[in-house]
Number of protein chains: 2
Amino acid sequence: MPDEPVTLEQVAAAAGVSRSTASRALAGKARECRISPKTEAAILLAAKGLGFQPSHVARSLRNRRSGLIGLLVPDASNPFFAAIARKATVFAERHGLSTLLADSHDSIEHEKELLQHLQSRQVEGLIICSIGGTHEHLRSLERTGASVVVVDRWFADVHLPTVTSDNERGALLATTAILKQGHQQIGCLQGRPGTSSNDERLAGFKAALASAGASQDACLIRGDDFSEASGYRAACELLDEHPSLSAMFAFSNQNALGALRAFSERKLNVPHDISLVMFDDAPFAEYLAAPLSVIRQDVEAIGHRAAELLIDQIRTGQRPQELLHRLPVEFVARESIGSPRKPAKATDP
Amino acid sequence: MPDEPVTLEQVAAAAGVSRSTASRALAGKARECRISPKTEAAILLAAKGLGFQPSHVARSLRNRRSGLIGLLVPDASNPFFAAIARKATVFAERHGLSTLLADSHDSIEHEKELLQHLQSRQVEGLIICSIGGTHEHLRSLERTGASVVVVDRWFADVHLPTVTSDNERGALLATTAILKQGHQQIGCLQGRPGTSSNDERLAGFKAALASAGASQDACLIRGDDFSEASGYRAACELLDEHPSLSAMFAFSNQNALGALRAFSERKLNVPHDISLVMFDDAPFAEYLAAPLSVIRQDVEAIGHRAAELLIDQIRTGQRPQELLHRLPVEFVARESIGSPRKPAKATDP
DNA sequence: AGGCATTGCACAATCGATTGTGCAAGCTAT
DNA sequence: ATAGCTTGCACAATCGATTGTGCAATGCCT
């Protein structure tokens, strides 16, 4: 910004003292540094008068503490990550830390690059939701002993503090609710395979099918990532290939929206023609044509816990004892799960 | 982070040269600074070998350029601001700038405080959506010549570059669409009075009513801010006080969700019993019980333009010629606007 | 061979705040 | 009166990278 900021030097000059004295007085160390009340007052007055704002940059250099944390997510506009960002920012601010936001655009290359940028900015800690695929950069973080918290997804070969939901249980709950209504075939609109949040949900889904003795038809799983496009494609494929399909489980809000588009194009009514459950609640869920039954995860709690774990690491310099923090989920029954329509065609073509 | 980062000093030592030479070589100034290819190669090798990451902090201090921009919004988890945050972050990153996120929690006090924090971090530019109320801190920004872009809301006595939607036209479009269906009374669920985005929408609303010769019943305007709670309260009040009300215009997504809750509690069907339009499209809008007709604003364009204007200011050191940037809006007709129900009771009680 | 230009690099100041050390002035004690 | 202590503050180094200036060593020319 154009205006040259006021420096400590100028405050010191205005008060007729040296920088060191000014610095100590402003740091509130007047007493312990034996600065006379008179001098202290003069310094404080000068600082106030000049509108002195200490330079965080200079301070960071000298103290070797940037006062910065990084937040690296695949998509900052996704409500899930936006909520985490908010919680983390506010919590960090309360501890005197500012938050650098970085958006990897679902690309592992960007992610690695942004991680470098954040590190060269000397961030004191990092909350990251990795795309996955390769983990070398995460393992490197693990080795260097950096303060890091991984959110939403964890990786088997990376041992970093992680905060996520009880995905498997959530998926089990959702699938069970569907099965209870008598559905035989359930289409699964999955997110990005390889991410723990996806694979755990898949595990819950399969576990529910298994314990219900349902046929484990793996073909009924489709989808590439957590996007609406993926949900739409997956739903279309399943609908076209399995006309008798009577229920679907979407692994994300976006996936569900894609499915709804596919249903709407085919004039399929929820829950009359087809049932739907989605993972992760959303404000709009209860106002949809058929209020959506969902697995609710406590996104705010995830953000809060992540920030908490991070700050603790920064303060103590140590990783927490417990590495994996799983937050509970809850099945919210609304009206999107019905009985299967009469089996006009009981079998797939 | 625990690991002591590699400094330029160490690179220089490893290459057997001085810091200055190492610095120039790494800056790609080998040729113009007459550094021999041999020496250059040695330095580059040493830097690569040691994994040298230049310290942004030190660089910022010396260059008097932090490479930081600030993003100060009332609610980072609101999809509108989250989208802007994403666009701004990505655009900034492309220009070598990192983004500091700050969330004022809809509080002017927090806003002012966070602004100070951002300034003491030497941000080179700022994108801000102010709560409003008092503007002294904004006027101060105006005076100092700081690089700033105001988004969504502008203030009459603050002359800073601003990016917002054509709110008045949007509201006019929406209201006209309702009036065309023959509605006589339209409830207006407004956002925060005093913010330009609210007041302009209000102006458009009133203008449409006026040009249609409808009765200007000011009592039909309710609401305190853009939240769901406000939308809910406003809708309840209007519904209870004016049973014959047949249409509503919600000034935000959240306001609309609140209205839907009120409708749902009263078993009111959209659009059969009551029509609804909302300002700002949302992915879910077309999948609601009655797909919502909306005024779509191009949120991504707002974010992009804001970032663009900011970077330009930072690079040129000058404010743009045009201060007010209004982005076009679009009326998207779906199914939430119907004819008024038969006037069983044509008049208010 | 001596003068001059060029090449190749080192020295040192700088950005702004922090902090260990040192040094005078003032006071007490003997 | 002088040694010895406290009080009150200044000096200077430091964090890490950048950059203007200066100084050798080499090469070229006549």
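As a basis for the values below, the full set of heavy atoms in this structure was taken, side chains included, without hydrogen atoms, waters or symmetry mates. Chain naming here is simple, since letters A, B, ... match the order of the sequence lines and numbering starts at 1 in each.
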Difference in axis direction between the ends of the helix from C:dA1-D:dT30 to C:dT30-D:dA1, five pairs, 10°: 70°
For A:Gln122 and B:Ser55, work out which heavy atoms get closest and say how close. OE1-OG, 3.2 Å
Quick one about A:His117 and B:Glu93 (side-chain donor to acceptor, distance below 3.5 Å, no hydrogens or angles considered), yes or no? yes
Taking N or O atoms only and anything under 3.5 Å, show me the protein contacts with nucleotides 15-17 of chain C, one pair per line.
{"from": "C:dC15", "atom 1": "O3'", "to": "B:Arg64", "atom 2": "NH2", "distance (Å)": "3.4"}
{"from": "C:dC15", "atom 1": "O2", "to": "B:Arg62", "atom 2": "N", "distance (Å)": "3.2"}
{"from": "C:dG16", "atom 1": "OP1", "to": "B:Arg64", "atom 2": "NH2", "distance (Å)": "2.5"}
{"from": "C:dG16", "atom 1": "N2", "to": "A:Ala58", "atom 2": "O", "distance (Å)": "3.3"}
{"from": "C:dA17", "atom 1": "OP1", "to": "A:Ser55", "atom 2": "N", "distance (Å)": "3.3"}
{"from": "C:dA17", "atom 1": "OP2", "to": "A:Leu8", "atom 2": "N", "distance (Å)": "2.3"}

Near DNA chain C, which residues from residues 34-46 of chain A have a heavy atom under 4.0 Å away? none
Which value, rounded to the nearest 0.5 Å, describes the distance between A:Phe81 atom CZ and A:Asp75 atom CG? 7.5 Å
Identify the heavy atoms of B:Asp103 and A:Arg86 that sit nearest to each other, and give their distance. OD2-NE, 2.6 Å
Residues forming a salt bridge (charged side-chain N to carboxylate O under 4.0 Å, His left out) with B:Arg319, sequence neighbours excluded: none
Phosphate-side-chain proximity, B:Ser20 and D:dT19, N/O vs OP1/OP2 below 4.0 Å: no
For a side-chain contact (heavy atoms from CB on, under 4.5 Å) check, start with the C-alpha distance between A:Ile314 and A:His95, then their side-chain angles and the critical distance, and finish with the verdict. CA-CA 11 Å; A:Ile314 294 175; A:His95 289 263; over 6 Å; no
Indicate every side-chain donor-acceptor pair of residues 23-36 of chain A with a distance under 3.5 Å to a residue at least two apart or in another chain.
{"from": "A:Arg31", "atom 1": "NH2", "to": "A:Ile35", "atom 2": "O", "distance (Å)": "3.3"}
{"from": "A:Ser36", "atom 1": "OG", "to": "A:Thr39", "atom 2": "N", "distance (Å)": "3.2"}
{"from": "A:Ser36", "atom 1": "OG", "to": "A:Thr39", "atom 2": "OG1", "distance (Å)": "2.6"}

Expressed in angstrom and rounded to an integer, what is the separation of A:Arg31 atom CZ from D:dC9 atom C1'? 14 Å
Verify the contact: side-chain N or O of A:Lys29 to OP1 or OP2 of C:dT19, cut-off strictly under 4.0 Å; return yes or no. yes
Considering only distance and modelled atom types, tabulate donor-acceptor pairs under 3.5 Å from the side chains of residues 154-163 of chain A, sequence neighbours left out.
{"from": "A:Trp154", "atom 1": "NE1", "to": "A:Glu200", "atom 2": "OE2", "distance (Å)": "2.6"}
{"from": "A:Asp157", "atom 1": "OD1", "to": "A:His135", "atom 2": "ND1", "distance (Å)": "2.9"}
{"from": "A:Asp157", "atom 1": "OD2", "to": "A:His135", "atom 2": "ND1", "distance (Å)": "3.4"}
{"from": "A:Thr162", "atom 1": "OG1", "to": "A:Leu160", "atom 2": "O", "distance (Å)": "2.9"}

Could you tell me whether A:Arg143 and A:Glu136 have a side-chain N and a carboxylate O separated by less than 4.0 Å? yes
Whether A:Asn78 side chain and A:Phe80 backbone form a donor-acceptor pair below 3.5 Å: yes
Please tell me which of the listed nucleotides, C:dA10, D:dA12, C:dT21, lies nearest to the side chain of A:Arg24? C:dT21
